[in-house]
K.L.:
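First, the structure itself, so that you have it in front of you.
Residue numbers start at 1 and run along the sequence shown.
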Amino acid sequence: MSEITDAKIIEYQFEVLIHRSAADIWLLMIDQIDHWWMDDFRALGEGSKVTLNAETGGQLIESAADGSALEWYRVQMVVPGKSLYLVGYMAPDWGGPTTSMLKLAIEERGESCALIVSDALLGNVTEASASSAEGGWRTLVGDAFKAFVEK
C-alpha cells in the first residue's frame with residue numbers, strides 16, 4: 001500500500017573554532033578524513049575506510065574489505081581551501097527518503113579559523129532526524145575533527 005506524505009525542509013548551521021591555519025584545516029579535513037571519522041559513524045563497521053575526493057563529482061565514501069561500500073555524499077562544488085558543497089541521500093531504511101545539502105566552509109578568525117557547517121535537509125524530516133543529523137556533525141566536527149587537528 002502506498003502513502004503520500006508531505007516533505008519538510010530544515011536548515012541548521014554552527015561553527016567550530018579551530019586553532020590551526022586554514023590551509024592545515026583544509027588538508028587534514030580532506031586528506032586525513034579516515035583518521036578523524038569516528039568508528040561510531042562508520043555504517044559499515046570498524047575497519048572500514050573513509051575517503052573524500054574533493055573535486056566536483058567526487059565522493060565521500062566508506063568502503064570495507066569485503067567489497068561493501070556506502071556513498072555518504074557527492075561533491076557538488078569545491079572552492080579549494082575555503083568551501084566544500086556536498087549532496088547526500090538517506091534511504092528509507094535510515095529514516096528517509098531525505099536529501100542533505102551540506103556545506104563545510106573555513107573562515108580565518110585572527111590566529112584561528114572557524115569551520116562553519118551548514119546543512120539543509122529535504123524530505124522525510126522530523127525534529128528527531130534533524131536533531132540527529134546536527135548532533136552527528138557537531139560530534140564529528142566539534143569533537144573528533146577539532147581534537148585531531150589541534151593535537
Side-chain angles (χ1 to χ4, degrees), residues 1-20 22 25-26 28-30 32-64 68-79 81-109 112-151:
M1 181 171 147
S2 61
E3 179 182 345
I4 297 175
T5 59
D6 292 329
K8 294 183 177 46
I9 299 170
I10 190 164
E11 296 179 51
Y12 64 86
Q13 178 175 309
F14 64 91
E15 57 184 63
V16 176
L17 195 61
I18 299 174
H19 303 291
R20 287 289 289 261
I25 291 169
W26 182 262
L28 293 169
M29 180 173 67
I30 301 205
Q32 299 293 314
I33 192 168
D34 190 55
H35 295 285
W36 59 266
W37 194 274
M38 301 168 68
D39 286 342
D40 288 350
F41 291 86
R42 293 176 188 257
L44 301 178
E46 271 187 61
S48 66
K49 182 174 177 141
V50 178
T51 57
L52 174 55
N53 179 359
E55 62 182 40
T56 304
Q59 301 167 303
L60 192 165
I61 193 165
E62 179 181 351
S63 55
S68 300
L70 169 65
E71 180 182 88
W72 283 93
Y73 285 92
R74 187 166 295 257
V75 177
Q76 180 186 36
M77 178 180 168
V78 61
V79 180
K82 295 187 181 207
S83 60
L84 191 61
Y85 292 76
L86 303 157
V87 178
Y89 306 102
M90 288 174 267
D93 294 8
W94 301 326
T98 305
T99 300
S100 167
M101 300 187 81
L102 181 72
K103 178 183 176 186
L104 303 173
I106 301 168
E107 288 183 6
E108 292 185 16
R109 303 271 172 88
S112 298
C113 291
L115 178 54
I116 302 162
V117 178
S118 54
D119 196 6
L121 301 170
L122 166 67
N124 186 27
V125 181
T126 63
E127 289 290 330
S129 66
S131 178
S132 176
E134 182 176 356
W137 282 110
R138 282 185 182 274
T139 299
L140 273 171
V141 173
D143 296 340
F145 182 67
K146 180 179 171 71
F148 177 75
V149 172
E150 290 183 343
K151 71 177 177 182

K.L.:
Evaluate side chain to side chain contact (heavy atoms under 4.5 Å, CB included) for L84 paired with V75, printing each intermediate quantity in order.
P.N.:
CA-CA 7 Å; L84 191 61; V75 177; 3.9 Å; yes

K.L.:
May I ask you to say whether R138 pairs ionically with E134, meaning some side-chain N is under 4.0 Å from a carboxylate O?
P.N.:
yes

K.L.:
If you compare all heavy atoms of C113 against all heavy atoms of I25, which two are closest, and at what distance to 0.1 Å?
P.N.:
CB-CD1, 3.5 Å

K.L.:
Is S129 reaching over with its side chain to a backbone N or O of V125, donor-acceptor style, under 3.5 angstrom?
P.N.:
no

K.L.:
Taking all non-hydrogen atoms of both residues, which atom of A22 and which atom of I106 are closest, and how far apart?
P.N.:
CB-CG2, 3.7 Å

K.L.:
Could you grab the distance from atom CD1 of I30 to atom OG1 of T51, nearest 0.5 Å is fine?
P.N.:
11.5 Å

K.L.:
Would you say that more than 12 heavy atoms from the other residues, nucleotides or ligands in this model lie under 6.0 Å from the CD of E127, or not?
P.N.:
no

K.L.:
Go through V117 and Q13 one step at a time and tell me if the side chain to side chain contact (heavy atoms under 4.5 Å, CB included) criterion holds.
P.N.:
CA-CA 6 Å; V117 178; Q13 178 175 309; over 6 Å; no

K.L.:
Could you tell me which residues satisfy side chain to side chain donor-acceptor pair (under 3.5 Å) with S83, sequence neighbours excluded, listed by chain and number?
P.N.:
none

K.L.:
Has the side chain of D34 got a donor or acceptor atom that lies under 3.5 Å from a matching backbone atom of V50?
P.N.:
yes

K.L.:
Applying side chain to side chain contact (heavy atoms under 4.5 Å, CB included), run through L104 and L86 and close with a yes or a no.
P.N.:
CA-CA 8 Å; L104 303 173; L86 303 157; 4.2 Å; yes

K.L.:
Show me the donor-acceptor pairs within less than 3.5 Å that the side chains of residues 94-103 make with the rest of the protein, sequence neighbours left out.
P.N.:
{"from": "T98", "atom 1": "OG1", "to": "N124", "atom 2": "O", "distance (Å)": "3.4"}
{"from": "S100", "atom 1": "OG", "to": "Y73", "atom 2": "OH", "distance (Å)": "2.9"}
{"from": "S100", "atom 1": "OG", "to": "D119", "atom 2": "OD1", "distance (Å)": "2.8"}
{"from": "S100", "atom 1": "OG", "to": "D119", "atom 2": "OD2", "distance (Å)": "3.2"}
{"from": "K103", "atom 1": "NZ", "to": "Y85", "atom 2": "OH", "distance (Å)": "3.2"}

K.L.:
Within the structure provided, determine whether V149 and H19 are in side-chain contact (heavy-atom separation under 4.5 Å).
P.N.:
no

K.L.:
Parallel, tilted or perpendicular, judged at 30° and 60°: which one describes the rings of H35 and F148?
P.N.:
parallel

K.L.:
Determine the minimum heavy-atom distance between A43 and L70, stating which atoms define it.
P.N.:
CB-CD2, 3.6 Å

K.L.:
Just wondering, do K49 and E62 contact through their side chains at under 4.5 Å, heavy atoms?
P.N.:
no

K.L.:
Can you confirm whether M38 sits close enough to T139 that some side-chain heavy atom of one is under 4.5 Å from a side-chain heavy atom of the other?
P.N.:
yes

K.L.:
Provide the closest heavy-atom pair for L121 versus A130 in the form atom of the first, atom of the second, distance.
P.N.:
CD1-CA, 4.0 Å

K.L.:
Does any N or O in the side chain of W37 come within less than 3.5 Å of the main-chain N or O of F41, such that one atom is a donor and the other an acceptor?
P.N.:
yes

K.L.:
For a 4.5 angstrom cut-off between non-hydrogen side-chain atoms, does F145 reach L28?
P.N.:
yes

K.L.:
For the backbone of L17 and the side chain of K146, can you confirm whether one donor and one acceptor N or O come within less than 3.5 Å of each other?
P.N.:
yes

K.L.:
Would you say CD of E108 has more than 12 non-hydrogen atoms from neighbouring residues, nucleotides or ligands within 6.0 angstrom?
P.N.:
no

K.L.:
Can you name the residues that form a side chain to side chain donor-acceptor pair (under 3.5 Å) with E71, not counting sequence neighbours?
P.N.:
Q59, R74

K.L.:
Holding to side-chain contact (heavy atoms from CB on, under 4.5 Å), I want the full list of residues that pass it with I9, two or more places apart in sequence or in another chain.
P.N.:
L122

K.L.:
To the nearest 0.5 Å, how far apart are CD1 in I33 and CG in N53?
P.N.:
11.5 Å

K.L.:
Tell me, please, which residues at least two apart from R109 pass salt bridge (Lys or Arg N to Asp or Glu O under 4.0 Å).
P.N.:
E15, E107

K.L.:
Only counting residues at least two apart or in another chain, list the ones meeting salt bridge (Lys or Arg N to Asp or Glu O under 4.0 Å) with R20.
P.N.:
D24

